[in-house]
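Here is the naming used below: chain letters follow the sequence lines, and residue numbers restart at 1 for every chain. Just so it is clear, the values below take in all heavy atoms, side chains as well, and ignore hydrogens, waters and symmetry mates.
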Amino acid sequence: MKRRLQEALLTGPSFFWLLTFFLVPTLLVFFLAFRPADPYGGIGAGWTLETIKALGRSYYLAVGLRTLWVSLLTTAFSILLALPAGYAVARAPERHRKTLLMLIIVPFWTSFLIRIFAWRSLLHPEGLVKKFLMAVGLAGPQTSLLYNTGAVVLVMVYTFLPFAILPIYAAAEKFDFRLIEAARDLGARPLQSFLRVFLPGIRSGLLSAILVVFIPALGSYVVPDLVGGPGSEMLGNKIAQRVFVDRNLPHASALAVVLILAVVAPLIAIVLLRRKEKPGVILSEDA
Amino acid sequence: MGEHLEFRGVSKRFGAIQAVDDVALEIRKGEFFSLLGPSGCGKTTMLRIAAGFEQPDKGRIFLDGQDITELPPNKRRVNTIFQSYALFPHMTVRDNIAFGLSIAKRPPDEIEREVAAMLKMIQMEDQAGKKPEQLSGGQKQRVAVARALINRPAVLLLDEPLAALDLKLRQRMLIELDMIHDEVGITFLYVTHDQGEAMSLSDRIAVMDQGRVEQIGTPAEIYESPRTSFVAAFIGDTNFLEGEVTSIDGDYCAVRVAGFPDLSCFNDKGLQPGNLVYLSIRPEKIQISRDKPLLDSRQYNALPARVEDVIYLGSTTKYGVRAEGHRVQVMRQHFRFFLDEKPIRWKDDAWIWWHSDDAFMLERYSRGDEKLVGLPPEKVGETQ
Ligand SMILES: Nc1ncnc2c1ncn2[C@@H]1O[C@H](COP(=O)(O)OP(=O)(O)OP(=O)(O)O)[C@@H](O)[C@H]1O
Ligand SMILES: [Mg+2]
């Protein structure tokens, strides 16, 4: 009995924190999704399913699918780049590792927004990248590097890459690389030993990396807003528009509900996957 | 027959350390061959070169006459039992054993059959579903052996496979390994720093020191006629006496050791008067008695000595004696033991003697020999 009291006292503060600043707002969002909007940007009286129904329009379906697609692409590219990077840092001589990790973390010293603006000026029609591509004949004067889905994915991969490298590195650092030699000894080619021994060996780090990229990617708003165009809008942008432009909170809430469900689904899937291996909290061992 | 795995002039350097220094070895088919030497002498590096994990700076490796120096590990018909076993932690025992065949894309029913046969050989049929972390050290070792042997390698490389096991288990696995070797009949290249392991298992042994092979031979050859003082000291205990050849008498020669009358010694190396030598005499080859023995002085050397310490070990007794300032270890086996016999005790005067054929002379060409002189025999092996 005393133990339980102690536990309650210890977990109490964080419980109330989460309750007030996380659970209550989330419930409010769910709640608002079923209320009508009034013409002045407020909440009308009564309940309605109209907003939810409105989400079924093909227009939203397209945005939803694009959000999913861009997030998947971002995750895939980030992981593809993070795997060799994490592997290389883990295998680097001890004395170089700190420097390499530092190089991965150093972009965080500059504000996220400033880095995105830097990309804008790089990709700008008068920017360095465009000029270079034109010089080597890879781009014509009409090619646009900005305001399209490609630019969004590029800048999102740039933004999320360090978050993908760190958990992969953390897992790779603990990995026993003699196992790769054992696999090679038993006849595996380098790629086979990578796929069949290294990847399963860093499984938990890999899952963390996927989560840490995919979930924030789904909710992206700033990147598509700044480097994307009308054709590359994501759910985050739509929610912002409903709030700031249309002043339609119920509509924004309904979209947010969709996003929350989209985020929670992979989370639950991965927690279940993990549970099968060993009990533990997500990210705890790698982050 | 003929040589099977051959190292030809192989050298490997890591920074300032010459890990392997111009090694030539010819290992025969089906042989149990051991690399024996102290820690850091380059044994593991030799295995890694054979497996393809290290490229030699100089020299070539041949397997059945084919130059395999440039082949990657997966293309070599050799498999390794790693010092740490390196079982795949995310796979069951069964999948670990099946790994090589599954990489080779063999049909599933064949894989199943082969794995079952291996599980039977290592007597672990009932553990096939376990993960490595659920196994004991000895079981892990057996799985590692099965995982390697299922590929039917031409040569099995074993890097101190018993080092991680406790003494009892080590002795059992030793017998098991020996049986497996007899059963599968493939070549074993076995690395160890434990002379007992090497002596009991091997057909032949290469004794290594500081990257070089000091001697290659059968266990008996290496024990009974070591080529260098390092080998003499590393394999078993021995006494070293520093001396000079003074005269030759047929197959024997006379060696002068400071303070002693000239000692007679079998001259198997064809030494000449004036050669500086170490005389090495194993403790168990020296007899000890209270009274001066009546012996032919051409065949035996007898010296008066004072007993400094006596250690009774049951089957044997170890004596530390001093003869003309030289410290000599004597080991006496109790063929018979008479309770009414008056034992030789501490501070007694006694005689030690040995047959001229039982001492061997070593030229002073081993590196580090200077350090060996004057050390008690049990310390000699540790100076390396
Ligand atoms: N990758 C490496 N980089 C630098 N030095 C190395 C490397 N591998 C081995 N060495 C050095 O080479 C020498 C021989 O090493 P090796 O592992 O072959 O010895 P060993 O005989 O197997 O020793 P042990 O009985 O301790 O396993 C040692 O001095 C070791 O420090
Ligand atoms: Mg070693």
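For residues 71-85 of chain B, a heavy-atom distance under 4.5 Å to chain A picks out B:Pro72, B:Pro73, B:Asn74, B:Val78, B:Asn79, B:Thr80, B:Phe82, B:Ser84, given by residue number. For residues 151-160 of chain B, heavy-atom neighbours of chain A at less than 4.5 Å comprise B:Asn151, sorted by residue number. Inspection of non-hydrogen atoms places no residue of residues 107-123 of chain B under 4.5 Å from chain A. Residues of residues 86-105 of chain B that come closer than 4.5 Å to chain A, counting heavy atoms only, are B:Ala86, B:Leu87, B:Phe88, B:Pro89, B:His90, B:Met91, B:Phe99, B:Gly100, B:Ser102, B:Ile103, B:Lys105, ordered by residue number.
A:Arg189 CZ: 12 or fewer foreign heavy atoms inside a 6.0 Å radius. With a 6.0 Å radius and a threshold of 12 heavy atoms from other residues, nucleotides or ligands, A:Phe108 has its CZ atom above the threshold. Taking a 6.0 Å sphere around CZ of A:Arg178, one finds it holds 12 or fewer heavy atoms contributed by other residues, nucleotides or ligands. In this structure, B:Phe32 places its CZ atom where more than 12 heavy-atom neighbours from other residues, nucleotides or ligands lie under 6.0 Å away. Other residues, nucleotides and ligands contribute only 12 or fewer heavy atoms inside 6.0 Å of the CZ atom of A:Phe132. The environment of A:Phe30 atom CZ is dense: over 12 non-hydrogen atoms of other residues, nucleotides or ligands sit within 6.0 angstrom.
Looking at A:Gln192, the atoms closer than 4.5 Å to chain B (heavy atoms on both sides) all sit in the side chain, from C-beta outward.
A pairwise comparison of heavy atoms in A:Glu181 and B:Phe53 identifies O-CZ, 3.2 Å as the closest pair.
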